[in-house]
Every structure is written in structure tokens, then in C-alpha cells.
Amino acid sequence: MAKTSSSAWKTILAIETSCDETAAAIVHAGTEVWSNVVASQIESHKRFGGVVPEIASRHHVEQMTMVMEEALREADVTWEDVDAVAVTEGPGLVGALLVGVNAAKAAAFACGLPLIPVHHIAGHIYANQLIEPIQYPALALIVSGGHTELVYAAEEGSFEIIGETRDDAVGEAYDKVARTLGLPYPGGPAVDKLAAEGEASIDMPRAWLEQGSYDFSFSGLKSAVINKLHNASQKGETLEAADVAASFQGSVIDVLVTKTVAAAREYEVEHVLVAGGVAANRGLRAEVERAMGEEGLKLTIPPLKYCTDNAAMIGAAAYVAGKEGRQADMALNANPSLPLY
Ligand code: KG4
Ligand code: ZN
């Protein structure tokens, strides 16, 4: 990776295609979002109850050029105004990532621009920077369909994963529980809505794991939900779906928030950040706000458009990477299991 002077890389065209959103954005100086275009594929994946990788890649190919052009148009800029091209290099679905990486390489090559590779999770974390400056040391709770992580950031550009899921990601657990309850994909918003109408009256397990561990596990909880529904129906009883949703959500939020508070204390952080699609959850937002208020800790939860996958967050992360001179050459490849940097 070449290191070159990058003080001028202010206006960045960023691309994100790691899962089922084809996204491009123009971000200036890491914080000003001049455009943020997202073409969602949810409708195409809905009937399969989840993201089908092959379909995702095809949609990205169809949408990518239009989405990039739209990002330039909405920002009212041309390629002449762009200082660098940034792209998610991983983690994610390899076929999906490849479309974005190749589009970014083609654009950078054709326009003679530097190419900045970005880690998807770094993008989710720096999405918070679009709202307000991150104060270090910081702790980020990343909750999405593919990730559940607690990340400690001692200073800008430095990340340490201190906890992660050992099985299902939290969004994945939401999607599976939703399917069991007969709710549509993606299940998170539907379970969230239903939970607000029910009582957390059904006893659900909480996977605390070993003393002091910041790891998570949601597969036991998901199985408990399925078993409770099954046992009830065998006895000819029915459980209120709203109570099941509220009880499941209660367990998820209890574990997420308790571990986040414990980590924030142990690492003596200044600022707690929440990111990823599940950060849209109303119950989680309310409980994190209450807990951080009690701890007297600064908290940022980005608005929904910056929580779910988008390219503005990749532009925000790329600005930091650019300041450090991080640059890729034309050999850049998609890396579906890229470690966090
Ligand atoms: O970050 P994201 O858009 O994509 C990934 O990178 O995975 O997250 C999508 C996930 C899905 O599993 C969806 O069910 C979940 O976020 N989600 C929610 C809510 N809105 C979306 N989960 C719980 N409550 C919500 N309100
Ligand atoms: Zn994501």
C-alpha cells in the first residue's frame, strides 16, 4: 500500500456494495454529506426470506453506474471536483463486494484518482462522525444483520474488537424469530413494532457467557423462542405473538446494554457510539439512552439512514484513512473476511 501526501483528498466519492444495498455518496472533509444514494434490493430478496448472494451481485451490476452518476448529480459535482474514490473492500458477500471494488478501480483509473479501501465496520463506526465529532477513547456497539461487535477505539484510526458474537448476529436472530412468528423479511422492524404492543412476560434465556466476557451468543435465545412456541402449540395453547416479541427483545436488549455499560466502565471511555441496522430498534435506543444517561456518558446513535448500510459512512471513514495516507493500487481485491483495521 503506497503512502502519499493526502491533505487534498477532501471530496470523496464513496461506494458500498457489501450486502444488499448498492450505494454511492459524495462526502466532503469527512463530515459533510453532499449526496447519499442507496438502491435497496429488499423487495427482490423478500420472497426468499433473506439475502440471496447471487441475486445481490446481479442487482449491484445493474445499479452501480446509475447510483454513482446519481451521487454526482445530487451533490452537483463532476469527476473534476472529486479528489479520491473510496470503496468497501470487506467484509461482506464476496460477489457483492467485487462489484463495488471493480467500479471504484475503474473510476479511479479512468479519472487518475487515488483509491481508498475501507473496512465496512470502520464505516459503521465513523457514521457517527457525520453527526458529531467522536471523542476518544470511544466504545462502539455494532449491531446489524451480519455483525454484533463491541469495538474499543483508543484514538482515531485505532480499533480493537473486545467482544463479538459466537454464533448469530443480532439482526439475524431478529430475522429468524420474525420468520417463526410469520412476520415478513426483514424481521427486525416487524418484531420491534410487535414488541411495543406486548408484555415481556415470557421467561427467555440471557447468554452472559463467562465472567468478564464481552462476547455475545444469540442462537440459544432463538432456539428458546422456537421451543416455547412449539411446546405451547403441542399443549393446544397459544402464546401471544406480541408477548413473545417483547420477551425476545427484552432479552436481547438486556444483554447488549449490560455488556456495553460494563465495557464502557472498564475501558473508561468518553463516548459511546451505536451503529448498524439494529440501532434502528426503538427499544434498544431507549434503553441505551437511559443507561448512558445514568452513567453520565456521551452517546451518539446516528439517524436510521446512517445506521443501515450506506456509502456516506464509507466516505466518512475514507477521509480518516486518507489523512493517514492509506491508498490501494489496482491490485485491490474484495476480502469477505477482512480483519478490522
Ligand atoms: O446494517 P444493516 O442494514 O445490514 C447489514 O449490514 O446487515 O442491518 C440489517 C439488519 C436486519 O437484520 C434487520 O432485521 C435489522 O437490521 N433491523 C432491525 C430493525 N430495523 C432493521 N432489528 C431490530 N429492530 C429494528 N427496528
Ligand atoms: Zn452493515
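Each ligand, and each atom within it, is numbered from 1 in the order the structure gives. Source: prediction; values computed, not measured.
Residue Thr308 places no N or O, backbone or side chain, under 3.5 Å from any N or O of ligand 1. Checked by distance only, ligand 1 and Asn281 come closer than 3.5 Å through their nitrogen or oxygen atoms. Residue Asp192 has at least one N or O atom closer than 3.5 Å to an N or O atom of ligand 1. No N or O atom of Tyr174 sits closer than 3.5 Å to an N or O atom of ligand 1.
Ligand 1 lies nowhere less than 4.0 angstrom from a heavy atom belonging to Cys19.
Listed by chain and residue number, Lys298 satisfy the salt bridge (charged side-chain N to carboxylate O under 4.0 Å, His left out) test with Glu132 (two or more places apart in sequence, or in another chain). The ring pair (Phe, Tyr, Trp, His ring centres under 6.0 Å) search around Phe109 returns none, not counting sequence neighbours.
Taking backbone and side chain together, His120 holds an N, O or S atom under 2.8 Å from the Zn ion (ligand 2). The Zn ion (ligand 2) has no N, O or S atom of His147 inside 2.8 Å of it.
Protein heavy atom in closest approach to atom 9 (C) of ligand 1: Gly145 N, 3.8 Å.
With the Zn ion (ligand 2) as the vertex, OD1 of Asp309 and NE2 of His124 span 90° to the nearest 10°.
Remark: the Thr22 side chain and the His59 side chain contain no N/O donor-acceptor pair separated by less than 3.5 Å.
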